[in-house]
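Shown next, in structure tokens, is the structure this report addresses.
Quick note on labels: first sequence line is chain A, next is B, and so on, each numbered from 1. All values below were derived from every heavy atom in this structure, side-chain atoms included, with hydrogens, water molecules and symmetry-related copies excluded.
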Amino acid sequence: MKLPSVRLYNTFTRRKEELRPLQPGVVRIYSCGPTVYRYAHVGNLRTFMLPDLLRRSLDYLGYRTEQVMNITDVGHLTDDTFDRGEDKMLVAARLEKKSPEEIAAAYTAAFLDDVRLLNIRPADHYPRATAYIAEMIALVGRLLEMGHAYVVGGNVYYDITSFPAYGRLSRNTVEKLVAGYRGEPDPRKRHPGDFTLWKAAGEHRTQVWDSPWGPGFPGWHIECSAMSMSILGDRFDIHTGGADNVFPHHEAEIAQSEAIAGHRVVSLWMHGGLLMLSGTRMAKSAGNFFRVTELEEQGFDPLAFRYLALQAKYRSPLNFSTEGLAGADRAVRQLRERVAAWSGGDGSVDAAFDERFRAALADDLDLPAAMAMVAELARSDLAPGVKAATLQAWDTVLGLDLKRGAMERDLPPGAADLITQREKARAAKDFATADALRERLKKMGVRVADAPLKD
RNA sequence: GGCGACGUAGCCAAGUGGUAAGGCAGAGGUCUGCAAAACCUCCAUCCCCAGUUCGAUUCUGGGCGUCGCCUCCA
């Protein structure tokens, strides 16, 4: 079976490129996952939708996929200049009076719940950083041997001038990084842009490991090199992450992994656009964020957010607003009702529409075009059974639970009685009473829709 | 200061060198006791100024504006 050609935008080359899996038919993906010291917000989740849509699309087109998503349960300083930064895991642990392990476990569970709410399919592997400390130490050791790193007082730094391609991904250069460096340089670093591979443990650390350079903990970037190469090997097809990871995280990862491997490790880098809120980025640190569970509490279907995200190109920033979410919520519910109404009869997938749908997916995951096709199909004069069958097939990619019919819920106490009374009033053509009863039902949260009166 | 992205209808958001997908909202209509739903119809000339071109929203240059990264961040 010949697989269709798939073109994807590669951040590394800034072009759409044809996907050529190292192993024909199988696409192996590494995705930057969450740091589990806080709840994930919908902006984080949008980024995690990228590999989900990638996998669902590739599956639909006939490929097989294997995905690794790391769970970072260690480190991440608020500021790694000198030793003034605080470790986010430890801050959370202190504030919540729990151990780092408890914090990690709790937020990992919450993350998996959130992912489920958005119909993001789980990755095949969720390696935890703390389980790969030995691998990280080994990589740091190799980098030292190869002359890519140096030790200062228990800290190990990566020497970015030793890696000529440093800056390729983000289009920075070592010189420009010097010129544009904002912060106050750490005097222990040879170059202000050098980054930490291993950090000596400070006073109050509780997550500390022994290493050849003394007790400490790994730098932020080394974990992804260690986990990706340990599980997927030193060549794999796609690496995904948020746009904010391009620099420095992925730049550093390339410097680490490729210095050791001696060749390109990742064929294609994909980055998802950030979610904006009132003109500025939604971020944990800024505090302007929503959890998906909060949206749910406000009465929105979590998949309304998914619908919203599907309407925008994955690479573009997306402006989030309650208004926009409300529109998506309404749209997804209507679509489900229509699919329910069209179901039941016979019908198979419409080949012409499906071909266009596949072409959109293969063109750098053009889900906005796919969503426009959903509307076009719904409006078309194809048989209801064909529409239902086609949309249900597409939903394996869209993940909007289109098959889910109108929610069945119990009526509030007394509502059934009022409805009966109203029917009697309508039958007697006492419409004033009928309308009054409809108002009362509305206040109970029950909406009444009438069919035409018979005679 | 360095690197990058973007500026399309009330809101969100695609797209193309030849007069602009889609969703929500809005307007009119069909239907209905009324309403809702559904269905039909309508609703933009693409930040500004130059240039290239037979023709630019789409290409080039210059403005203005917004945003991201450069420190942890999806």
What are the atom names and distances for every N/O pair under 3.5 Å that joins the protein to nucleotides 23-26 of chain B?
from, atom 1, to, atom 2, distance (Å)
B/rG23, O4', A/Gln311, NE2, 3.2
B/rC24, OP1, A/Gln334, OE1, 3.0
B/rC24, O3', A/Arg330, NE, 3.4
B/rA25, OP1, A/Arg330, NE, 2.3
B/rA25, OP1, A/Arg330, NH2, 3.3

Please check the phosphate of [N] (OP1 and OP2 only) for any side-chain N or O of [X] closer than 4.0 Å.
{"X": "A/Ser170", "N": "B/rG4", "value": "no"}
{"X": "A/Ser316", "N": "B/rA14", "value": "yes"}
{"X": "A/Asn319", "N": "B/rA13", "value": "yes"}

Is it the case that A/Glu101 and A/Thr130 place a side-chain donor and acceptor less than 3.5 Å from each other? no
Applying ring pair (Phe, Tyr, Trp, His ring centres under 6.0 Å), can you list everything that pairs with A/Tyr132, at least two apart in sequence or on another chain? none
Is there any salt bridge (Lys or Arg N to Asp or Glu O under 4.0 Å) pair reaching into residues 316-331 of chain A, and which pairs are they, with sequence neighbours excluded? A/Asp329-A/Arg333
Selection from B/rG2, B/rA14, B/rA35 that lies nearest to any side-chain heavy atom of A/Asn172: B/rG2
Please pick, from B/rG33, B/rC12, B/rA14, the nucleotide with the shortest atom-to-atom distance to any side-chain atom of A/Phe431. B/rG33
Under 4.0 Å between any heavy atoms, over every strand shown, what does [X] touch: base, sugar-phosphate, or nothing? Just pick one.
{"X": "A/Arg356", "value": "nothing"}
{"X": "A/Gly241", "value": "sugar-phosphate"}
{"X": "A/Met373", "value": "nothing"}

Taken in chain and number order and not counting sequence neighbours, the residues that satisfy salt bridge (Lys or Arg N to Asp or Glu O under 4.0 Å) with A/Asp52 are A/Arg56, A/Arg306
Take atom CZ of A/Arg14 as the centre, draw a 6.0 Å sphere, and report whether it contains more than 12 heavy atoms from other residues, nucleotides or ligands. yes
Is there a donor and acceptor pair closer than 3.5 Å between the side chain of A/Arg438 and the base of B/rA35? yes
On the side chain of A/Arg281, is there an atom forming a donor-acceptor pair with the base of B/rC67 - under 3.5 Å, no angle test? no
When you match A/Arg422 and A/Gly272 each to their closest nucleotide on RNA chain B, which lands nearer the 5' end? A/Arg422
Quick check, are the ring centers of A/Phe357 and A/Trp394 under 6.0 angstrom apart? yes
Expected output is a numbered-order residue list: members of residues 115-124 of chain A with a heavy atom under 4.0 Å from any atom of RNA chain B. What is it? none
Contacts to RNA chain B from residues 387-397 of chain A, heavy-atom cutoff under 4.0 Å, which residues? none
P spacing across the pair B/rG7 / B/rC34, given as an integer number of angstrom: 47 Å
